[in-house]
Amino acid sequence: MTDTSGKSWHFGLLGYPLGHSFSPHLQTAALLGTGLAGKYHLYSLPPEEVNSIIDLLNLVRSGEIDGLNVTIPYKQVVLPHLDELTSTAAGIGAVNTIFARAGVLVGDNTDAPAFLADLVSKTGWRRDDPYPATGKLPVALVLGAGGAARAVVYALGQAGWHVWVVARRIEQGRELLFSLRHHISQPMHTITFDGLPVLCAAVAPKFDLLVNATPVGMSPEVTHSPWPKNLDYPVNTYVYDLVYNPPETAFLRAASASGLRATNGLGMLVEQAALAFEHWTGRTAPRGAMHAAAIRITDGDAHA
Ligand code: NAP
């Protein structure tokens, strides 16, 4: 499949530092898989050059750049410079994907739908299912209260889940819940990691899902886990680690050893990139090719 329009697509990633980003590999695989020509650039902008963001965004507005991904520390910094936000980006209060529609600069957050899509594909959970079997609201325990946790809590809350956020700083957990209060009608609570043993020992709630949305366990600190030592995992819970490098974190290894079903965040990573590609090009993203590219990187890292 080859594109005969002669167009060369320009995408990029804005952030700092950009280190070993998977995004160029995923988007290059997407371009190749759809037969489109183009390049994915890294716009590594140190904080002292933050004013250059406006120039970069103008290139998107004018169509010279077809699409941008945004990562730490600019996911919120870009908000005032955009013309429109999707309801998801507005709800989460952070943007990871930018594109222009007829000169209008739009910001979206593809992390939230990507997380939910991957959860559904891995667990088969459906909104209308009486799940758990009691017919009660499904209950999730989310570790971390940063940017990724915000997208996860938004996605779960919108999908009808009852969410507990475990923050190492309680004020960060409270701030997360406060900022989502107009977008989520389900119950949401926050506790610190110190409160986990008491919460887990309580008769209710029973957790259907346990999510790690902290960076703990990421390469190179692969022996670390966010779950407290000497505390059993909740029974029958599905364990989801947003970390994808290494593919099996200490958190996931312990979950599997406890007989729990578990997954890493690679599916979410591929899906958020696929959704961005679809915004930028209007083409269906070749998810299989993108997934294969992601696996090649994690395999390469593991063998490096
Ligand atoms: P972030 O905004 O920096 O937030 C990290 C959160 O984890 C904060 O609440 C932080 O608390 C907490 N935390 C950090 N170290 C901790 C520790 N030792 N114990 C307990 N809590 C700790 O980062 P983020 O953007 O949310 O990303 C979090 C992770 O998700 C990263 O590994 C990232 O790669 C991954 N992620 C994956 C995907 C995917 O597609 N799979 C998408 C987005 C993010 P403090 O503020 O107190 O440090």
Side-chain angles (χ1 to χ4, degrees), residues 13 15-23 25-27 69-77 88-89 92-97 108-119 121-122 141-155 164-177 179 190-196 210-229 231 239-252 262-277 287 290-291 294-295 297-298 301:
L13 172 64
Y16 187 82
L18 290 179
H20 304 290
S21 172
F22 279 43
S23 295
H25 304 277
L26 295 176
Q27 298 299 349
N69 285 132
V70 187
T71 188
I72 292 171
Y74 298 123
K75 285 183 169 189
Q76 291 176 301
V77 173
T88 307
I92 296 168
V95 153
N96 76 339
T97 301
D108 189 19
N109 191 311
T110 62
D111 278 341
F115 169 75
L116 201 63
D118 194 46
L119 179 71
S121 86
K122 300 277 166 56
L141 188 57
V142 178
L143 310 181
R150 195 173 279 259
V152 165
V153 173
Y154 177 88
W164 288 79
V165 174
V166 186
R168 89 170 150 182
R169 293 176 290 118
I170 194 67
E171 63 276 16
Q172 191 187 39
R174 289 194 185 122
E175 155 59 21
L176 189 160
L177 301 195
S179 66
T190 186
I191 59 165
T192 60
F193 281 82
D194 293 344
L196 265 178
L210 168 60
V211 182
N212 174 32
T214 79
V216 181
M218 262 173 81
S219 184
E221 305 204 313
V222 297
T223 57
H224 296 196
S225 167
W227 192 252
K229 286 194 178 70
L231 180 65
V239 178
Y240 195 116
D241 196 339
L242 261 61
V243 174
Y244 45 83
N245 197 13
E248 190 182 52
T249 57
F251 179 64
L252 289 178
T263 190
N264 65 26
L266 203 69
M268 173 181 172
L269 180 80
V270 170
E271 184 61 22
Q272 61 79 29
L275 293 171
F277 182 83
R287 288 170 170 75
M290 296 170 80
H291 192 83
I295 295 282
I297 310 168
T298 48
D301 276 9

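Just so you know, ligand 1 is whichever comes first in the structure, and atom 1 is the first atom listed for that ligand.
- Checking N109 against Y154 by side-chain atom types alone, no donor-acceptor pair falls below 3.5 Å.
- Distances shorter than 4.0 angstrom do not occur between any heavy atom of A167 and any atom of ligand 1.
- In this structure, atom 2 (O) of ligand 1 lies nearest to the protein heavy atom G147 N, 3.0 Å.
- The contact set between ligand 1 and A145, taken as ligand atoms under 4.0 Å from a residue heavy atom, comprises 9 (O).
- Interface of A148 with ligand 1, defined as ligand atoms under 4.0 Å from a residue heavy atom, comprises 24 (P), 25 (O), 26 (O), 27 (O), 30 (O), 43 (C), 44 (C).
- Backbone and side-chain nitrogen or oxygen atoms of L266 are examined, and none is located within less than 3.5 angstrom of a nitrogen or oxygen of ligand 1.
- Protein heavy atom in closest approach to atom 15 (N) of ligand 1: R168 NH2, 3.4 Å.
- Heavy atoms of L269 found under 4.0 angstrom from ligand 1 belong to the backbone as well as the side chain.
- Among all non-hydrogen protein atoms, the one lying nearest atom 37 (C) of ligand 1 is L242 O, 3.4 Å.
- Not one N or O of D111 is nearer than 3.5 Å to an N or O of ligand 1, by distance alone.
- Judged by distance alone, the side chains of S179 and R150 do bring a donor and an acceptor atom under 3.5 Å apart.
- Shortest non-hydrogen contact noted between A114 and Q272 is CB-N, 3.3 Å.
- Residue-level proximity to ligand 1 for L143 is absent, since no heavy atom of it falls below 4.0 angstrom.
- Only side-chain heavy atoms of V216 come within less than 4.0 Å of ligand 1; its backbone N, CA, C and O stay farther off.
- The shortest side-chain heavy-atom distance between T192 and V166 does not fall under the 4.5 Å cut-off.
- Evaluated by nearest non-hydrogen atom to atom 45 (P) of ligand 1, the leading choice among R169, E171, E271 is R169.
- The option from M268, K75, E221, Q172 that lies nearest to atom 10 (C) of ligand 1, judged by heavy atoms, is Q172.
- Using a 4.0 Å threshold on non-hydrogen atoms, atom 33 (C) of ligand 1 does not count as touching the protein.
- Here the closest heavy-atom approach between residue G15 and residue T71 is recorded as CA-CG2, 3.8 Å.
- Shortest non-hydrogen contact noted between P226 and T214 is CB-OG1, 3.8 Å.
- With hydrogens and angles ignored, the 3.5 Å screen pairs a side-chain donor or acceptor of T190 with a backbone N or O of V165.
- Nearest-heavy-atom check against atom 4 (O) of ligand 1 across P215, G267, G146 picks out G146.
- Ranked by closest heavy atom to atom 25 (O) of ligand 1, the top entry among N212, T110, V243, I72 is I72.
- Of all atoms in ligand 1, listed by their number and element, those nearer than 4.0 Å to a heavy atom of A213 are 28 (C).
- For the residue pair L196 and L141, the shortest heavy atom distance occurs at CD2-CD2, 3.8 Å.
- Relative orientation of the W227 and F251 rings is tilted, given thresholds of 30° and 60° on the angle between their planes.
- Here the closest heavy-atom approach between residue S225 and residue A250 is recorded as CB-CB, 4.3 Å.
- Nearest heavy-atom pair, D111 versus M268, reported as atom, atom and distance to 0.1 Å: O-CE, 3.6 Å.
- Under 4.0 Å from ligand 1, the heavy atoms of F193 that appear belong solely to its side chain.
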